[in-house]
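What follows is one structure encoded as structure tokens, with my remarks underneath.
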Amino acid sequence: MRSCWWSLVLSICLGTNLAYASTAAVASPDRYGAETSQLILHQGGNAVDAAIATAFTLAVTYPEAGNIGGGGFMVIWFEGKPYFLDYRETAPLQASRDMYLDEDRQVIDELSLIGHLASGVPGTVMGLWQAHQRFGTLPWADLLQPAIALANQGFIVPENLQQYGGNALERYQGKTNFADYFAAMTAGHLFKQPELAATLSRIANQGAAEFYMGETASLIVAEMQRGAGFITADDLAQYQAVWREPLIFPWRDYQLVTVAPPSSGGIALSQLLGLKQLRLDDFKAQQHNSAGYVHLLAEIYKRVFADRADYLGDPAFTKVPQQELLAADYLAQRASEINPQAISATKQIRPGLESAQTTHFSIVDHAGNAVSNTYTLNLDFGSGVVVTGAGFLLNNEMDDFSIKPGVPNAFGVVGGAANAIEPGKRMLSSMTPSILVQDNEVRLVIGTPGGSTIFTSVFQVITNLYDFGMPLADAVAAPRFHHQLLPKNQLAMEPYQPLSDEVQQQLSEMGYQLHLQRWSLGDIQAIQLTDRGIEAIADPRGRGKALLIEPVATEEQSQLDGSTM
Ligand code: GLY
């Protein structure tokens, strides 16, 4: 392995010492994740090393969404090139289109959400492993040490985690083994996870193969057998993460580097930016979050959600018309349909709202490489099933499929054949980890949880930054809203800060139904690089932490090299 000191010398020889020495940053959904990134970057790791270590840490300290039993997407900007790693879960080989329907073809309550049948084959460990194989510089085992220490020694449970855990205890009561593992989480007290620590230690020592073919795999299969779940040893052994072409969308003098299917997020965010750009004249007169502004965005949102429901799914199983959906003439046609004065009629489809418990972190390293990573168990604490003896939660990502084509699932999200269940298929996602690049330099690293509200939240922050010129902190903190075609004319607002009374009144008069939902719209973790420098912000809606990370001085670096590498 190359030493950190040697990499510094090498970067100076290559004339890249200035880039190497620049300030790094992390925006993480909790402080443990941020501190892990800082540690790894100080040890000489790059953004991908830091991302891997942070993802494992959040699997311990952010159990509602951080995970090794789920999946996600990583968008990377590395040495001037874009990459996209898809480590989304897959449907088990025994899965079938109608597996959540009864004899009368009615959806069986909760079956795709709670318990063993709700889980897709986990992708996180393989994704992190493949990221490390391609870009990692520090030893794999070192990257798991912060997570192992936190699982062994415990971490202090934050207020909101105890609250989410309490809700989950009620939801899963008598249905899963969640309480055996998580009932003891008490705000302000240490919470230890010895079984998880042992699992992470095995993965540290033996790599991803341990999770997919070793003792952990056996424990997952045994858990599935206990609860009549579908995931088998074959499913685990066959799982692969996929390096895909990132979606690159030109926007103004930037390039948006983002996810392609099986996430809908990249196409949707690109359409949002493209459609707004085509109607800029309408927006000129509109103040931020005024009734006119909200209405114009709602007009755009409903068209994007109509496309999402009809066209998007796993590209290995369905032909996704990505180029057509982003073509200039198609966007021009869609933009021309927008009615700036009144709510335009739209065809009857029924998207809905999902809970917010996915999670995202953004990292920029000292060399200017960036990682934008969103991963998830789907809803908070996933299926509620903990792998007995291994101490980690399994996802309930199967609910992201269209469990009955044309019929909304438990959270109101619809889809058609493109997102129907098939063995080995990846379920459609809305996760939108993204990087904005200008002149080959990273300018913004951004993402958020929030299910179907993810890309509208990312879009609003980008708009706040680049159209309203807000500082990053204000752009992230500003109140957000959401519309997704149906429920018809419904505008969702967040308890964090609803739209003003006056704006709500004006929107009601236009025919909108204002809906105050129970959870906040997202938990944005963003890093912005401008001519003024680098800034990182964790959304005030969550318990996140952002850090700017100065390079360690050369002398300290030498000591670190000597002591740790
Ligand atoms: N499970 C949320 C998403 O992937 O969009």
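These figures come from a predicted structure and were not determined experimentally. The first residue of the sequence shown is numbered 1, and numbering continues consecutively from there. One-based numbering, in listed order, for ligands and for the atoms of each.
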Parallel, tilted or perpendicular for Phe191 and Phe182, by the 30°/60° rule?
tilted
Could you check, using the six-membered ring where one of them is a Trp, whether [X] and [Y] have ring centers closer than 6.0 angstrom?
X      : Y      : answer
Phe401 : Tyr100 : no
His482 : Phe305 : yes
Tyr181 : Phe392 : no

Arg88 to ligand 1, any heavy atom closer than 4.0 Å:
yes
How does Asp400 reach ligand 1, if at all, at less than 4.0 Å between non-hydrogen atoms: by side chain, backbone, both, or neither?
side chain
Using a plain distance cutoff, I'd like to know if Glu397 has any nitrogen or oxygen under 3.5 Å from a nitrogen or oxygen of ligand 1.
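It does: an N or O of Glu397 is found under 3.5 Å from an N or O of ligand 1.
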